[in-house]
Protein chains: 2
Amino acid sequence: MCPDSVEPSRAEARRAQILAAAGDCFRKHGFHGASIAQISKTAGMSPGHIYHYFENKEAIISAIVARDLERFLTLTAEIRSACNVREAMLARVAEGIDECLDQATAGLKLEIVAEASRNPHVAEIVHEADRLCRESFALTMRDMRRASGHQDDDQTIDAMVEVAIAMFEGLQIRTIRNPGLDRGLVSRLFQGALRDLFDQPA
Amino acid sequence: MCPDSVEPSRAEARRAQILAAAGDCFRKHGFHGASIAQISKTAGMSPGHIYHYFENKEAIISAIVARDLERFLTLTAEIRSACNVREAMLARVAEGIDECLDQATAGLKLEIVAEASRNPHVAEIVHEADRLCRESFALTMRDMRRASGHQDDDQTIDAMVEVAIAMFEGLQIRTIRNPGLDRGLVSRLFQGALRDLFDQPA
DNA sequence: CATTCTAGATCGAACGCTCATTCTATGTTA
DNA sequence: TAACATAGAATGAGCGTTCGATCTAGAATG
């Protein structure tokens, strides 16, 4: 009755349900450690039913990465369309730091990166997601730098983007390896380090 | 004939052999994806024989983490005993960046952190390893800062250590998510960012 | 020196279990 | 009724682990 484009169809809802359950299970047991039986129980359906919506286990992984990418692209688009890009960026930096310091979020992200380091299908989609992320980040960074009177070549901008993203992603590892870290202090110093990076002379 | 303390006994050699093979397999297939059969084939021995040296699969993981910790502690001890700590540190920073940018090394490290985010036994040994690492790093950092005329309280030093380590560990994720990055450029900007962090006013 | 002894090293088959996936049957809805 | 949603048992492969048998090299013995 309802075409898929109008509202989330039953199928869409079931897919989201499976993705949410799978995310939980992957977080808790890892990609290979989480079983279809576990995921299906968490999602409240039979194991066989999952195969009506996903070809196999790997397809679930890919769908999670794709969903996260979509969310990230929406977010970056919002930042870039703000009237004051710099302020929007700095505000988002604070939010991003908190997000990276959340153990559950960080755990799943690390699980995905680890899987990308060995699974070519996951690697492909992760690389593409990262490329889009860097692209958007670089555009924003270039605008900010120009407004501050700096003229950088593309290579330099790209390198700065790498350093900035590395800081965020590094926090994800820190929150796992040192769960007792002083989040307030780290967040403050971190924002300072990023601002220094943004404003450094060419 | 030879007591264990004199030279690596046959048993020690076998253990190292298994650890090396397991490292390869974990890198390629992940902790749960790598089977004892695979590891034993890589190590050139029978599956059953592995159980003469390790209680179970998890013990192999723990032993790898313990081995890496030992290596790291040796390294940091060397830095701290150098006559010019700052120079030793900066030299080590360059080496460390290259190491983090190596995909094989980074892949295994990420695998270990991901496992630590869900396996309490692995988490325990990783947290302890990280604590020792931070301790040594903080001492070195404090000496450096004092020589530059800065007086920082412990909290500030700890936070700076977190930021510095986060940068290194972030690079491990970058090299997986963006394998085509310009390593020379990133390395240069990265060393600059770390030097700025080291020298920033209190 | 030759032989026997023995304890550890090593093997590989076997076990019980769980996995991802498939398939058939049943329920539901328009 | 036709098409889809869902269930859950069945399957065959592969898993971690165990275990008894065999091999080997050095110590002990004569």
Side-chain angles (χ1 to χ4, degrees), chain A residues 1-26 28-64 111 115 118-122, chain B residues 1-26 28-64 111 115 118-122:
Chain A
M1 191 230 267
C2 293
D4 289 9
S5 56
V6 172
E7 55 170 303
S9 68
R10 198 190 317 262
E12 208 72 38
R14 280 274 180 268
R15 274 182 63 96
Q17 197 176 346
I18 293 168
L19 256 38
D24 275 355
C25 291
F26 290 157
K28 284 182 197 147
H29 310 284
F31 275 138
H32 293 99
S35 71
I36 295 289
Q38 265 173 340
I39 295 171
S40 70
K41 189 177 283 186
T42 305
M45 64 184 68
S46 71
H49 195 34
I50 287 184
Y51 287 84
H52 275 262
Y53 297 103
F54 295 95
E55 195 189 344
N56 52 35
K57 202 178 168 185
E58 201 182 351
I60 301 179
I61 300 171
S62 297
I64 288 181
E111 190 63 40
E115 183 67 14
R118 53 186 126 90
N119 182 326
H121 290 115
V122 175
Chain B
M1 191 226 265
C2 294
D4 289 8
S5 56
V6 171
E7 55 170 302
S9 67
R10 198 191 316 261
E12 207 73 39
R14 280 272 180 270
R15 274 181 64 96
Q17 197 178 344
I18 293 168
L19 255 38
D24 276 354
C25 291
F26 290 156
K28 283 182 198 146
H29 309 284
F31 277 139
H32 293 99
S35 71
I36 295 288
Q38 266 172 338
I39 296 171
S40 71
K41 189 176 284 184
T42 305
M45 64 183 69
S46 71
H49 196 34
I50 287 184
Y51 287 83
H52 276 261
Y53 297 103
F54 295 96
E55 194 189 345
N56 52 35
K57 201 179 171 186
E58 202 182 349
I60 301 179
I61 300 171
S62 297
I64 288 182
E111 191 62 40
E115 182 67 13
R118 53 185 126 89
N119 183 326
H121 289 115
V122 175

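Just so it is clear: chains get the letters A, B, ... in the order the sequence lines come, proteins before strands, and each one is counted from 1.
- D:dG30 is paired with C:dC1 under the Watson-Crick or G-U wobble criterion, all donor-acceptor distances under 3.5 Å.
- Taking atom CD1 of B:I18 as the reference point, atom P of D:dT17 lies 13 Å away to the nearest angstrom.
- At a threshold of 4.0 angstrom between heavy atoms, the contacts of B:F54 with the nucleic acid are absent.
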Base versus backbone protein contacts along nucleotides 14-28 of chain C [heavy-atom cut-off under 4.0 Å; B, S, -]: -----SSBB------
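- Between the C1' atom of D:dA7 and the CD1 atom of A:I39 lies a distance of 18 Å, rounded to the nearest Å.
- Listed pair A:R10 / D:dT6 fails the phosphate criterion, with no side-chain N or O lying under 4.0 Å from OP1 or OP2.
- Rounded to whole angstrom, the span from the NZ atom of B:K41 across to the C1' atom of C:dT10 amounts to 18 Å.
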Let me have the donor-acceptor pairs involving side chains of residues 49-56 of chain A, under 3.5 Å, with sequence neighbours excluded, atom names and distances please.
unit_1	atom_1	unit_2	atom_2	d
A:N56	OD1	A:E58	N	3.3
A:N56	OD1	A:A59	N	3.1

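- Of the listed nucleotides (C:dT10, D:dT6, C:dA9), D:dT6 has the atom at the smallest distance from the side chain of A:S46.
- In this structure, B:I39 and B:I18 approach most closely via the heavy-atom pair CG2-O, 4.3 Å.
- In this structure, the salt bridge (charged side-chain N to carboxylate O under 4.0 Å, His left out) partners of B:R118, at least two apart in sequence or on a different chain, are A:E111, B:E115.
- Counting heavy atoms from C-beta on, the side chains of B:Q38 and B:K28 never come closer than 4.5 Å.
- Distance CZ (B:R14) to C1' (C:dC11): 12 Å, rounded to an integer number of Å.
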Criterion side chain to side chain contact (heavy atoms under 4.5 Å, CB included) on A:H32 and B:H29, from CA distance to verdict: CA-CA 9 Å; A:H32 293 99; B:H29 309 284; 5.9 Å; no
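- The backbone N or O of A:F31 sits less than 3.5 Å from a side-chain atom of A:K57, completing a donor-acceptor pair.
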